Peer 1: 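Below you'll find the structure I mean.
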2 protein chains.
Amino acid sequence: MTDEAEDNVPQNAPQESGLDRRDWIAGLEKGLRIIEAFSDSHPRLTPSTAARRTGITRTAARRYLLTLQHLGYLQSDGTHFWLTPRILRLGWSYFDSAKVPRAVQPFLQRMSIELGGATFFAVLDEDEVIFVARNGTSRVQSQGFVLGARVAANLASAGIALLSCKPPEEVDRWLTGRRFIPYTPHTITQPDELRSIISKARQNGYCILEQQLEQDRRGIAVPVRTRSGEVAGAISISLPIGNESTQQALTRALPVLREAEHALLALL
Amino acid sequence: MTDEAEDNVPQNAPQESGLDRRDWIAGLEKGLRIIEAFSDSHPRLTPSTAARRTGITRTAARRYLLTLQHLGYLQSDGTHFWLTPRILRLGWSYFDSAKVPRAVQPFLQRMSIELGGATFFAVLDEDEVIFVARNGTSRVQSQGFVLGARVAANLASAGIALLSCKPPEEVDRWLTGRRFIPYTPHTITQPDELRSIISKARQNGYCILEQQLEQDRRGIAVPVRTRSGEVAGAISISLPIGNESTQQALTRALPVLREAEHALLALL
DNA sequence: CTATCGGCGTGCGATTATCGCGCTTAATGC
DNA sequence: GCATTAAGCGCGATAATCGCACGCCGATAG
């Protein structure tokens, strides 16, 4: 009910990057913005809250909500609207059609068994890292680790590994003007520290991160490239720290990750 | 490349169910249809294939594809378009905002530990059952069991359990004019048999299904209602058959499912 | 070698679908 | 009881979407 924060108003520019104004369907963009306006803190939206969160006028927002409801993607009690599971069809289209998640799955499985942790394949999406495949025991974390989950890139070893593949100036741009929210007492929030971690990852070709996202957990990740040299994503493993030293964990896990990386190189 | 099948052309009626023509955003519906046109058999679409699969004209389909590309939901080599993981943001909005998956998670976890199988919470979406929460060892199945996964309702115990909550005449409508594709040699494909299974589930208040979707697996499910009596979904467990008898499995698992069901009743 | 076919991109005029203002009503709170 | 905020609705304006028609290209076949 109480909406204090006048949230982000993206206001995507239509044609800036060389798209003909004629080829721009405004309605689609607005509709997707409406869908993404639902979140943990705003699970139910009214026309006016949706309007505020998306920068669309109230009247228009209402039309989009009604349309989505009619399509079955939203439910409504007349005033409030909320997402239905049908929205998952859209994500499902990706898992159904994308070859990468399927291709990496057996490798993740093998690694999980060999090293005894949860393994992931992740890609970068703007500021965040998305986990598109995973294997192994779904960890504690109130609701397990959902596929398609996303966290700020600096919190996951895979995120750092992927950032390290970008040119340093882009990394700098990424680091500036950003607030890093701590998830544990050990979370690094200083841009300078992050920069050095990223450049170390660039030199090493891997990244190891400890207790950034979760206590007593470390992650190790290596970027994966295709034959043509593009970065396809990163494979990572999450291990309990226990009383294993950083060095021990590295010598144990890194060769396995590397092996999977090279095997994937041939496939992607 | 070769497109033999002129697929389904949904052609959703705009206002039939009492929606003002003014409140219908055609562009949004078409865009979502385009997204859902991507699938396992059609992972990459061109303007004309997309047009055929959605019933939109080629010119329009191209515009939608370009718009989605511009928004980052699609990638393209100039002619072909394919989905990027960013599309998962949409599904993520659901997991982020929906309270149900979060609420059931601890119960699924407890049940998994106690009974030693994979547990699920599922809802019905038209013909299919969607798994919106799960816990326990991700099973074999090439890519594990992704959250948001969907299968034809008759193949999963949760699907039958949910169908059994619908009035019989609706079930009959559901059964007619539908092709049931076998997944194992044991898959039931006769509408009459399915009808009796559903009505048995209605009498019992639970459903047990064996080897419908996968060999040597059985599923047991009970529907879950809210305090107001609506069906919120179904909880189910998937167990290896091994040499446990049907009766043994039932007496072992059903009380646990029932207990979780009653506990959830208070929450939903 | 050339004809044919299917697909792609583009431009344009037509029209209709979308926009948002402004009004009324209802609910909440001080 | 009045102030504030939000919802629904109707309407006129216009800008956004549509799809036809054209030209080009690549593949296949005769």
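Bear in mind that the values here come from a model prediction, so they are computed numbers and not experimental data. FYI, side chains are in, hydrogens and waters are out, and symmetry mates aren't considered; it's all heavy atoms of this structure. In what follows, chains are A, B, ... by sequence order, proteins preceding strands, each numbered from 1.
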Peer 1: Counting side-chain heavy atoms from C-beta on, which of D:dC9, D:dT17, D:dC20 comes nearest to B:Thr59?
Peer 2: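 So the side chain of B:Thr59 is nearest to D:dC20.
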Peer 1: In whole Å, I'd like the distance from the CD1 atom of B:Ile25 to the P atom of D:dT17.
Peer 2: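 Going from CD1 in B:Ile25 over to P in D:dT17 covers 10 Å.
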Peer 1: Is A:Thr67 reaching over with its side chain to a backbone N or O of B:Asp23, donor-acceptor style, under 3.5 angstrom?
Peer 2: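 Judged by distance alone, yes, a pair lies under 3.5 Å.
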Peer 1: Nearest whole angstrom, please: distance from the P of C:dC12 to the CG of A:Asp23.
Peer 2: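 For the pair A:Asp23 CG and C:dC12 P, the rounded distance is 14 Å.
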Peer 1: Does a side-chain N or O from B:Tyr64 land closer than 4.0 Å to OP1 or OP2 of D:dA16, or not?
Peer 2: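 No, because none of the side-chain N or O atoms of B:Tyr64 sits under 4.0 Å from OP1 or OP2 of D:dA16.
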Peer 1: Which nucleotide in the set C:dG11, C:dC19, D:dA7 lies at the smallest distance from any side-chain heavy atom of A:Thr79?
Peer 2: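 My answer, after comparing the listed nucleotides, is D:dA7.
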Peer 1: I want to check one thing: is the phosphate of D:dA7, taken as OP1 and OP2, less than 4.0 Å away from some side-chain N or O of A:Ser48?
Peer 2: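 A:Ser48 to D:dA7 OP1/OP2: side-chain N or O found under 4.0 Å.
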Peer 1: For A:Glu29 and C:dT18, what is the distance between atoms CD and C1' respectively, to the nearest whole Å?
Peer 2: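 Rounding to the nearest Å, CD of A:Glu29 and C1' of C:dT18 are 15 Å apart.
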Peer 1: Return the value, rounded to whole Å, for the distance between atom CG of A:Leu66 and atom C1' of D:dG8.
Peer 2: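 Atom CG in A:Leu66 sits about 10 Å away from atom C1' in D:dG8.
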Peer 1: In terms of the nearest nucleotide of DNA chain D, which residue is placed more toward the 5' end: B:Arg58 or A:Gly27?
Peer 2: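 This one resolves to A:Gly27.
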Peer 1: For a quick test of reading the model: is some side-chain N or O of A:Thr46 closer than 4.0 Å to OP1 or OP2 of D:dA7?
Peer 2: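 Yes, A:Thr46 has a side-chain N/O under 4.0 Å of OP1/OP2 on D:dA7.
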Peer 1: Between B:Arg225 and B:Glu261, is there a salt bridge with N-O shorter than 4.0 Å?
Peer 2: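 A salt bridge is absent here (no side-chain N lies under 4.0 Å from a carboxylate O).
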Peer 1: Does A:Pro47 or B:Ala60 map to a spot on DNA chain D nearer the 5' end, using the closest nucleotide for each?
Peer 2: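 By nearest-heavy-atom nucleotide position, the 5'-most residue is A:Pro47.
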Peer 1: How many whole angstroms separate atom CG of A:Asp77 from atom P of D:dA6?
Peer 2: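 Checked: the CG to P distance equals 17 Å.
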Peer 1: Between A:Arg62 and D:dC9, is there a contact of a side-chain N or O with OP1 or OP2 at under 4.0 Å?
Peer 2: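 So the side-chain polar atoms of A:Arg62 do come within 4.0 Å of the phosphate oxygens OP1 or OP2 of D:dC9, strictly under.
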Peer 1: Could you state the atom-to-atom distance from CD1 of A:Ile56 to C1' of C:dG20 in whole Å?
Peer 2: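 After rounding, the gap between these two atoms is 13 Å.
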Peer 1: Round to a whole Å and report the spacing from CZ of A:Arg52 to P of D:dT5.
Peer 2: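 That distance rounds to 10 Å.
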Peer 1: What does B:Arg63 touch in the nucleic acid at a heavy-atom separation under 4.0 angstrom: a base, only the sugar-phosphate, or nothing?
Peer 2: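 Base, at least one base atom sits under 4.0 Å.
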Peer 1: Return the value, rounded to whole Å, for the distance between atom NE2 of A:His80 and atom P of C:dA27.
Peer 2: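 So the two atoms are 14 Å apart, to the nearest Å.
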Peer 1: Can you tell me if the side-chain N/O atoms of A:Lys30 get under 4.0 Å from OP1 or OP2 in C:dC19?
Peer 2: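 For C:dC19, OP1/OP2 do have a side-chain N/O of A:Lys30 under 4.0 Å.
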Peer 1: So, taking the atom named CG in B:Leu267 and the one named CZ in B:Arg102, what distance separates them when rounded to the nearest 0.5 Å?
Peer 2: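 CZ of B:Arg102 is found 13.5 Å from CG of B:Leu267.
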Peer 1: Under 4.0 Å, counting only non-hydrogen atoms across every strand here, what does B:Thr57 touch: a base, just sugar-phosphate, or nothing?
Peer 2: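 B:Thr57: backbone/sugar contact only, no base atoms under 4.0 Å.
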Peer 1: Using the ring of each side chain (for Trp, its six-membered ring), is B:Phe180 parallel, tilted or perpendicular to B:Trp174, with breaks at 30° and 60°?
Peer 2: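 Ring orientation of B:Phe180 relative to B:Trp174: tilted.
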Peer 1: Apply the test side chain to side chain donor-acceptor pair (under 3.5 Å) to residues A:Ser228 and A:Thr226: give CA-CA distance (whole Å), side-chain angles for both, the deciding distance (0.1 Å), then the verdict.
Peer 2: CA-CA 5 Å; A:Ser228 55; A:Thr226 63; 3.0 Å; yes
